[in-house]
Structure formats: structure tokens, C-alpha cells
Number of protein chains: 2
Amino acid sequence: MVATVLGSELKKGTSEVLILSILENRPRHGYEIAKLIEQRSGGLVDFHVASLYPMLYRLERRGWIEGKWVEKAGQRRRRFYKLTAMGRKALPEQRRSWRELIRVMEKVALSGS
Amino acid sequence: MVATVLGSELKKGTSEVLILSILENRPRHGYEIAKLIEQRSGGLVDFHVASLYPMLYRLERRGWIEGKWVEKAGQRRRRFYKLTAMGRKALPEQRRSWRELIRVMEKVALSGS
DNA sequence: CACCATATGTAGCGACGATATATATAGGTA
DNA sequence: TACCTATATATATCGTCGCTACATATGGTG
């Protein structure tokens, strides 16, 4: 959770798909999600936890994910989130939009250099 | 300037590189920039002019572009923007960041579906 | 004990894109 | 003439998102 490699403006709008993708396979808790995104991106996307939690609430309010408190003996309480049916349906649509955006950006802005 | 195809959250952070790229070849005025982005993206990125102008001011204040009023007989006044030396240096860096973001997104979020 | 990683949360800020609205002119058409 | 559309720039206001900073608390390690 240290360096911010990619400019912050670039990252706006990335968190949703990232979170949904992380939750695709199995439920995770917030801190774990942040860690996974950091690891899988090779440290390039440093997801500030303070940004993550509000986003998790938003996604839950929207009905795409569902959180459940889990308390185990000798462990802090954690809130595990899983994809809802709506969220599982939204994910491929989000991915399609992202691929489209990428295609456009590559065509209009990234062809030169 | 009609339909918004891509979700608005996705588009956050796209305008900078798009504008700089449009200005790479030659100076353009605001309205022209919006039209070009719309055309070149095949209508997928609909750049609301009301969002464009504030961004142009920000880029000018940052020293990446420079605006100049041009008045021709029988034409409205237009403000033409061109890349400054700083802007011309910033463009490839922005592109590199964007390509990196795309690489990460494809790896972490877009591999499935 | 001190320190760090883990774990969740809030407060406040700035950037960005959206909608709505305003102003003004050139050109085409009924 | 009156009306409409495209062109062209601009502001005001709003919601969202990511950031920094801060707060709180526990488990594990030196």
C-alpha cells in the first residue's frame, strides 16, 4: 500500500470492475480485496483502502455485492462481500464497456507516440 | 453530441489524453476538438462541450496547451489551442501511463467474462 | 513493551464529467 | 420575415470518485 505509480486521474472508474472481478470466484473481505488488487497488478494499482470501503458501500447499496460480518475466535471481525445475482450479471457488461473504452482510446489517443 | 454510450464513470480521466492527442498535429479550437473526438471514436465517446471547456482551461493553466483568440471576417471568434513544449513532452508520458493501465486492467479485471 | 501488519471506518478536499442555462452568429428554409 | 439548426464559447451547480489524513482496534513478532 505504498507508491502510486499510475496517475490518480487514470484510476477513476477502475475500482468497480476490479472489485467485481476479485469477487467473481469467491467472497473476500475489504482488506483482502485491496491486497489482491495490489498483488495482481504487480503493485501498479495501489488501491487505497480509504477509497475502497466507501466504494464497497456504494456497490452494496446498488445491490451488486452483499456484505456479511464474520467473527472467528482469535480474529478480528471481518466483513466478507460476495457478488449478488445482479452483480454477477453486471460484471460482463462492465467488462464489455471497458473493452470498448480501451478500443476507442487506442484508436483515438494511443496510436501515436 | 447526443448519446452517451459508455458509462460516465469510465470516461473519467480520458479527456486529457484525448485532447492532447487531437492537438498533436495542429492547433484546433474547442468545438472542433469535441467534434473530432466524437467522429474519431465513432460516436462512442460523446464529449460534452460543457465539460470540455473547463478542461481546456485547466490544461492551459498547467502549461500544456496555449490558447489564442482568432477573429476572421464573417466568422465568430474562436479560441485555437496548440500544444506547448511541456504539453508535447507530457503526451507520450500520458500515453505510456494509459497503456500501463490498460495492461493492468486486462490482466486483473478483463481476463474473464 | 514497542512496532508492524491487519482490519474497518470517517472527514474533508480536489478533480472530473454531467446537466442546465446563457449568449451570439451564420446559414438555410418556410 | 420568422424560424430553426449548427456553430462557438462560457458559467453555475451537482454527484461521483479517488486522495490524504486521521481514528480505532487487534494479532503477531522482535
Side-chain angles (χ1 to χ4, degrees), chain A residues 1-19 27-39 44-62 67-81 94 97 101, chain B residues 1-19 27-39 41 44-62 64 67-81 94 97 101:
Chain A
M1 301 314 214
V2 183
T4 298
V5 180
L6 296 171
S8 62
E9 320 83 40
L10 291 181
K11 290 195 287 184
K12 286 181 182 168
T14 60
S15 58
E16 264 187 38
V17 201
L18 286 171
I19 293 173
R28 309 273 193 178
H29 60 91
Y31 194 79
E32 198 184 3
I33 294 173
K35 283 291 174 191
L36 280 171
I37 291 176
E38 196 194 355
Q39 283 167 25
L44 286 179
V45 173
D46 171 25
F47 219 21
H48 293 238
V49 280
S51 303
L52 178 69
Y53 290 114
M55 175 56 83
L56 288 174
Y57 307 148
R58 279 191 291 267
L59 287 175
E60 190 168 19
R61 213 165 45 234
R62 201 187 300 166
K68 189 179 65 172
W69 285 110
V70 175
E71 314 214 22
K72 279 192 185 174
Q75 275 191 338
R76 299 158 228 71
R77 57 169 201 161
R78 291 163 167 171
R79 191 163 174 80
F80 278 81
Y81 291 94
Q94 292 286 307
S97 292
L101 176 68
Chain B
M1 295 322 207
V2 182
T4 298
V5 181
L6 294 171
S8 63
E9 321 82 41
L10 290 182
K11 292 195 287 185
K12 288 183 180 167
T14 59
S15 57
E16 262 186 42
V17 201
L18 286 172
I19 293 172
R28 309 274 193 178
H29 60 91
Y31 194 79
E32 199 184 4
I33 294 173
K35 283 291 174 193
L36 281 171
I37 291 176
E38 196 194 355
Q39 282 167 26
S41 73
L44 287 179
V45 173
D46 170 26
F47 219 22
H48 293 238
V49 281
S51 303
L52 177 70
Y53 291 112
M55 176 55 84
L56 289 173
Y57 307 147
R58 279 191 292 268
L59 287 174
E60 189 168 21
R61 215 166 42 237
R62 200 188 300 165
W64 288 9
K68 191 178 64 173
W69 284 111
V70 174
E71 314 216 21
K72 280 192 183 172
Q75 276 191 334
R76 299 157 228 71
R77 57 170 202 164
R78 290 162 167 173
R79 192 160 174 80
F80 279 82
Y81 291 94
Q94 293 285 309
S97 292
L101 176 68

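Because the structure is a prediction, the values reported are computed rather than measured. Lettering follows sequence order; numbering is per chain, from 1. All values below were derived from every heavy atom in this structure, side-chain atoms included, with hydrogens, water molecules and symmetry-related copies excluded.
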Enumerate the protein-to-nucleotides 4-11 of chain C contacts in which both atoms are nitrogen or oxygen and the separation is below 3.5 Å.
residue : atom : partner : partner atom : Å
C/dT6   : OP2  : A/Tyr31 : OH           : 3.1
C/dT6   : OP2  : A/Lys35 : NZ           : 3.4
C/dT6   : O2   : A/Arg76 : NE           : 3.3
C/dA7   : OP1  : A/Arg78 : NE           : 2.8
C/dA7   : OP1  : A/Arg78 : NH2          : 2.0
C/dT8   : OP1  : A/Arg79 : N            : 2.9
C/dT8   : OP2  : A/His29 : ND1          : 3.4
C/dT8   : OP2  : A/Gly30 : N            : 3.4
C/dT8   : OP2  : A/Tyr31 : N            : 2.7
C/dT8   : OP2  : A/Tyr53 : OH           : 2.9
C/dT8   : O5'  : A/Tyr53 : OH           : 3.4
C/dG9   : OP2  : A/Tyr57 : OH           : 2.7
C/dG9   : O5'  : A/Tyr57 : OH           : 2.8

At a cut-off of 3.5 Å, list every protein nitrogen or oxygen paired with a nitrogen or oxygen from nucleotides 13-16 of chain C, distance to 0.1 Å.
residue : atom : partner : partner atom : Å
C/dC16  : OP1  : B/Glu16 : OE2          : 3.3
C/dC16  : OP2  : B/Arg58 : NE           : 2.8

So, taking the atom named [atom1] in [X] and the one named [atom2] in [Y], what distance separates them when rounded to the nearest 0.5 Å?
X       : Y       : atom1 : atom2 : value
B/His29 : B/Trp69 : NE2   : CH2   : 11.0 Å
A/Tyr53 : A/Arg79 : OH    : CZ    : 11.5 Å
B/Arg28 : B/Ile19 : CZ    : CD1   : 13.5 Å
A/Leu18 : A/Leu36 : CG    : CG    : 11.5 Å

Query raised in the report: Taking C-beta and beyond as the side chain, do A/Lys35 and A/Glu38 meet within less than 4.5 Å on heavy atoms?
Result: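 Yes, side chains in contact.
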Query raised in the report: With a 4.5 Å heavy-atom cut-off, do B/Arg78 and B/Tyr31 have their side chains touching?
Result: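 In short, these two side chains do not touch, never coming nearer than 4.5 Å.
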Report task. Could you state the atom-to-atom distance from CD of A/Glu71 to P of D/dT26 in whole Å? Result ->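 Those two atoms, CD and P, are 12 Å apart.
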Report task. Check the distance between D/dC22's P and A/His48's NE2 and give it to me in whole angstrom. Result ->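 Rounded to whole Å, this separation is 15 Å.
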Query raised in the report: With no hydrogens and no angle check, is any side-chain donor or acceptor of B/Gln94 less than 3.5 Å from a backbone partner on B/Glu16?
Result: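 No; zero donor-acceptor contacts below 3.5 Å.
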Requested in this report: Could you pull out the closest heavy-atom pair between A/Ser15 and A/Met55, with the gap in Å?
Outcome: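 So the two residues come closest at OG-CE, 3.0 Å.
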